[in-house]
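First the proteins, then the strands, lettered A, B, ... as listed; each starts at 1. This structure is a prediction, so every number in the text was calculated from the model and none was measured.
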Amino acid sequence: MKSKLVLHNTLSRTREEFVPYDPPFVGLYVCGPTVYGEPHLGHARSAITFDVLFRYLKYSGYRVRYVRNITDVGHLQNDADEGEDKIAVKARLEQLEPMEIAHYYTESYHRAMDALGVLSPSIEPRASGHIIEQIELIKRIFEHGFAYENNGSVYFDVEAYDRRHNYGRLSGRTLDETVAGTRTLDGQDEKRAPYDFALWKKAAPEHIMHWPSPWSEGFPGWHLECSAMSTKYLGERFDIHGGGMDLMFPHHECEIAQSVAASGHDAARYWMHNNMITMEGRKMGKSLGNAISLSEFFAGSHPLLQQSYSPMTIRFFILQAHYRSTLDFSNEALQAAEKGLDRLMKAVATIGKIKPAAASTVDVTALERDFREAMDDDINSPVAMAVLFEWVKVINQLHDGAGTISAADLATLKQTMEQIVGDVLGLRDEGAASNDSLIAPLVEMALEAR
RNA sequence: GGUCUGAUGGCCGAGCGGUUAGGCAGAGGUCUGCAAAACCUCGUACAGCGGUUCGAUUCCGCUUCAGACCUCCA
């Protein structure tokens with residue numbers, strides 16, 4: 001654990017040395033999916049990014065509690081309309097219970113994550129199971145004077161908050177800019193200011209998901225769950241908060257405001273944001289209608305896909321780019337990833353076929369050293385992969401008889417390589433029999449959906 | 001309109017003030033009975049225009065283009 005991990009902190013916009021509050025313990029919170037639709041490539045990017053961070057922190061000797069939520073209450077689509085809940089809308093359309101939908105897509109998400117080799121987090125709390133905690137949080141915000149009630153709904157008073165603290169620190173905007181960016185002023189809104197956001201919404205009669213509260217029968221606001229659940233499981237102060245860049249504003253900004261309003265100080269110390277996956281240069285997303293679901297990738301059942309792509313190919317593809325860069329999807333890039341992965345995994349297997357010699361012509365300690373150096377540099381997975389490929393070449397050379405390696409070094413090489421590839425990067429050999437059973441239900445589902 | 005980010009060889013994608021990123025594709029070669037695999041060799045990429053500098057793809061300015069956020073979104 002003597003690594004000097006450096007992370008890019010969105011809050012400071014700089015690279016900072018990672019120093020946990022209470023080493024060797026690390027608290028990590030990442031925004032999980034809203035389970036109202038099929039998980040797509042974008043979900044994979046976020047999950048894999050923080051899965052590798054989780055794995056690398058553990059590899060570095062930290063004891064990590066990783067919390068990743070499931071949003072099953074849904075978020076408001078538009079605060080200008082009646083407060084439609086995404087999950088409720090879909091439920092009505094399909095004549096299902098909201099929780100049935102949430103459960104279905106949660107299962108789907110879990111299957112996809114298993115296939116992708118994404119480890120289960122330490123805790124995976126659901127928003128619907130933490131209504132009480134969210135109500136308590138609202139009360140605290142009320143007590144500190146940063147909330148107001150109107151007609152059964154409770155709103156966060158951004159202006160009052162901004163006078164004492166700085167609203168917009170994370171996304172780098174001022175309140176004035178936020179005002180300027182507000183598009184339509186919804187006439188008879190209950191909010192005092194357009195940038196105020198809901199902490200509790202009174203449920204309209206047609207709204208299916210609702211819970212009792214001191215203010216009304218209703219449901220919690222968009223940003224509350226993460227504040228409530230991170231505090232509950234990681235404490236008022238924890239180390240890292242992650243999520244997609246698209247969540248930076250308003251979601252994470254509001255989270256910070258809620259935490260500070262309730263406790264007087266920041267909750268998370270390091271904010272990390274993974275960038276988007278693009279398709280022909282445009283963000284891939286459900287709302288844009290250009291998202292390809294993970295099961296479609298596994299089955300090859302989307303019109304834009306020339307073939308099926310295995311979960312490990314997807315993982316390798318994502319790892320080949322730095323998490324803060326956009327990553328452009330294409331069949332060509334995926335096919336390149338598929339072949340690269342194959343070569344890497346073959347080389348790992350080749351280690352076992354190398355015959356040891358009396359002395360080594362290679363320095364096996366360089367592998368781990370160089371790998372760590374890359375990972376310590378803001379989780380630079382593409383460089384880490386390049387290090388791996390240097391060793392792919394060395395392994396093949398040794399196997400071909402160009403150079404020699406001692407028995408001890410060979411054992412070290414094997415162990416290190418397997419640890420890095422398998423335990424830290426989470427890549428497994430797809431030849432393994434277990435793989436088919438992991439994606440079979442997903443493939444079936446994707447094919448049925450056609 | 002406001003805020004911000006990016007533009008790297010055929011594709012994907014790192015990086016840095018002067019030295020090979022890496023993967024895939026392509027060319028030549030070695031090995032092999034053929035093939036495959038593997039290995040060796042090969043590409044004078046850094047949007048354009050200025051500036052700073054002994055030297056810039058890397059720093060600064062401008063231009064063009066692209067994208068993200070400002071509404072739910074990984």
Side-chain angles (χ1 to χ4, degrees), chain A residues 13 30-34 36-37 39-50 68 71 74-81 84-87 89 109 168 171-174 176-184 186 194-195 197 222-223 242-251 253 273-278 280-288 291 316-344 346-347 350 374 377 380-390 392-403:
Chain A
R13 265 157 255 279
V30 174
C31 292
T34 301
Y36 72 101
H40 56 74
L41 240 203
H43 293 103
R45 165 98 112 151
S46 177
I48 288 169
T49 294
F50 293 104
R68 188 187 61 208
T71 298
H75 287 170
L76 292 173
Q77 282 192 339
N78 186 340
D79 54 347
D81 68 37
E84 289 276 42
D85 183 309
K86 271 188 175 176
I87 289 174
V89 168
Y109 180 75
S171 55
R173 37 188 113 201
T174 65
D176 288 343
E177 287 162 6
T178 307
V179 176
T182 306
R183 277 170 183 163
T184 47
D186 22 8
Y195 38 69
F197 54 91
W222 324 260
H223 315 298
M245 266 184 187
D246 49 352
L247 297 179
M248 215 160 94
F249 189 93
H251 183 60
E253 200 70 76
H273 290 96
N274 64 278
N275 213 134
M276 304 291 102
I277 288 189
T278 59
E280 288 162 353
R282 294 196 163 267
K283 175 181 164 182
M284 184 183 275
K286 174 138 185 128
S287 53
L288 299 168
F316 184 96
F317 170 66
I318 287 171
L319 256 24
Q320 269 203 308
H322 186 86
Y323 74 91
R324 290 198 294 110
S325 303
T326 56
L327 171 59
D328 201 49
F329 155 84
S330 70
N331 279 284
E332 214 176 342
L334 246 16
Q335 283 156 14
E338 184 175 79
K339 289 185 179 154
L341 172 68
D342 186 52
R343 196 155 89 89
L344 176 62
K346 268 191 184 135
T350 300
D377 182 16
N380 197 331
S381 61
V383 169
M385 301 278 270
V387 170
L388 248 30
F389 274 97
E390 279 172 33
V392 165
K393 188 186 272 193
V394 171
I395 288 163
N396 286 325
Q397 284 170 338
L398 289 168
H399 184 239
D400 284 0

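- For the pair A/Arg173 and A/Phe249, the cation sits on the ring face: its NZ or CZ lies under 6.0 Å from the ring centre, inside 45° of the axis.
- Of the candidates B/A14, B/A74, B/C40, the closest approach to any side-chain atom of A/Lys393 belongs to B/C40.
- Looking at the side chain of A/Ala336, the nearest of the listed nucleotides B/G2, B/A74, B/G23 is B/G23.
- Using a 4.0 Å heavy-atom cutoff across all strands shown, A/Thr174 reaches no nucleic acid atom at all.
- By the 4.5 Å heavy-atom criterion applied to side chains, A/Ser381 and A/His322 are not counted as neighbours.
- In this structure, B/C39 and B/G29 make a Watson-Crick or G-U wobble pair, each of the two defining distances being under 3.5 angstrom.
- Side chain of A/Ser330, nearest nucleotide from B/C40, B/A14, B/C11: B/C11.
- The partner of B/G6 is B/C65, judged by Watson-Crick or G-U wobble contacts that both fall below 3.5 Å.
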Please list, pair by pair, any protein nitrogen or oxygen found under 3.5 Å from a nitrogen or oxygen in nucleotides 31-36 of chain B.
none

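- In the set B/A14, B/C72, B/C73, B/A14 carries the atom at the smallest distance from any side-chain atom of A/Ser325.
- In terms of phosphate contacts, A/Gln335 brings no side-chain nitrogen or oxygen within less than 4.0 Å of OP1 or OP2 of B/G23.
- Comparing atom distances between the A/Arg282 side chain and each of B/C69, B/C40, B/G67 picks out B/G67 as nearest.
- Comparing B/A74, B/G2, B/C72 against the side chain of A/Pro250 picks out B/C72 as the nearest.
- Here the side chain of A/Glu332 is nearest to one of B/A68, B/G10, B/C40, namely B/G10.
- Between A/Arg173 and the phosphate of B/G2, there is no side-chain N or O to OP1/OP2 separation shorter than 4.0 Å.
- Listed candidates were B/C69, B/A21, B/C39. Nearest to the side chain of A/Phe249 is B/C69.
- Side-chain atoms of A/Gln320 lie closest to B/G23 of the nucleotides B/C72, B/G67, B/G23.
- In this structure, A/His399 reaches neither bases nor backbone, as no heavy-atom distance under 4.0 Å exists between it and the strands shown.
- Regarding contacts with the backbone of B/C39, a side-chain N or O of A/Arg343 is found under 4.0 angstrom from either OP1 or OP2.
- To the nearest 0.5 Å, atom CZ of residue A/Phe316 and atom CD1 of residue A/Ile48 are 12.5 Å apart.
- A/Thr71 places none of its side-chain heavy atoms less than 4.5 Å from the side chain of A/Tyr36.
- In this entry the distance linking CH2 of A/Trp222 with C1' of B/C73 reads 15 Å, nearest Å.
- As judged by a 4.0 angstrom heavy-atom cut-off over every strand, A/Gly244 is placed among residues touching the sugar-phosphate backbone only.
- Rounded to whole Å, the distance from CD1 on A/Ile277 to C1' on B/C12 is 12 Å.
- When distances are taken from the side chain of A/His43 to each of B/A21, B/C39, B/A74, the shortest belongs to B/A74.
- Between the C1' atom of B/C4 and the CZ atom of A/Arg324 lies a distance of 13 Å, rounded to the nearest Å.
- Note on A/Lys339: only backbone sugar-phosphate atoms sit closer than 4.0 angstrom, heavy atoms only; bases stay farther off.
- Side-chain atoms of A/Thr278 and A/Asp328 include a donor-acceptor pair closer than 3.5 Å.
- Rounded to whole angstrom, the span from the CE atom of A/Met248 across to the C1' atom of B/U5 amounts to 10 Å.
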